[in-house]
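All remarks here apply to the structure that follows.
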Amino acid sequence: MGAEEEDNQKSIPVLPWMRSLIDVSAVHKCPLSLLPCIDPRLKVALEKMEISSLFPVQLAVWQETVGPGGFERDLCVNSPTGSGKTLAYALPIVQMLSTRFVKCLRALVVGI
Ligand SMILES: Nc1ncnc2c1ncn2[C@@H]1O[C@H](COP(=O)(O)OP(=O)(O)OP(=O)(O)O)[C@@H](O)[C@H]1O
């Protein structure tokens, strides 16, 4: 590696989501009845859509954002097509917006 390339690597900031990677393939599906902290209204809405459990990527994102012990922070999710990314980010957003009223930008989803 050349000196210039080394300098470039050193200047890349280490963001929080880079520090603690989660391997979604080691996470299992989770029935809604066992999902921590879920708002009962959200559970009912999902059941009406015939969704009875969360896919692994959805559970992983839920645990990182809602809980238990979740907190608001940036996340970078890399998961195959059709694995459920849309609900992975939408469910925590709906849950958080339903329980706290704050008039400002609360979530930004960037898909690439
Ligand atoms: N927990 C779930 N239970 C049952 N079906 C689900 C669940 N989550 C998502 N689905 C369904 O699985 C399909 C794929 O989900 P989705 O489109 O969100 O995946 P994706 O990872 O966002 O795909 P893409 O990469 O194409 O955007 C959709 O038909 C969706 O309705």
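When a ligand or atom number is given, it counts from 1 through the structure's own listing order.
- Residue Cys30 comes nearest to Leu59 through the heavy atom pair CB-CD2, 3.6 Å, listed as atom of the first residue, atom of the second, then distance.
- Atoms CG and CD1, on Leu87 and Ile51 in that order, are 5.0 Å from each other to the nearest 0.5 Å.
- The minimum heavy-atom distance linking Val57 with Ser83 is given by the pair CG1-O, 3.4 Å.
- Nearest heavy atoms, Trp62 versus Leu54: CB-CD1, 4.5 Å.
- Closest approach of Lys85 and Ser79 over heavy atoms only: NZ-O, 2.9 Å.
- Screening residues 40-58 for salt bridge (Lys or Arg N to Asp or Glu O under 4.0 Å) gives Asp39-Arg41, Lys43-Glu47 as the qualifying pairs, with residues at least two apart or on separate chains.
- Listed as neighbours of ligand 1 are Ile51, Ser53, Leu54, Phe55, Gln58, Pro80, Thr81, Gly82, Ser83, Gly84, Lys85, Thr86, Leu87, each bearing a heavy atom under 4.0 Å from the ligand.
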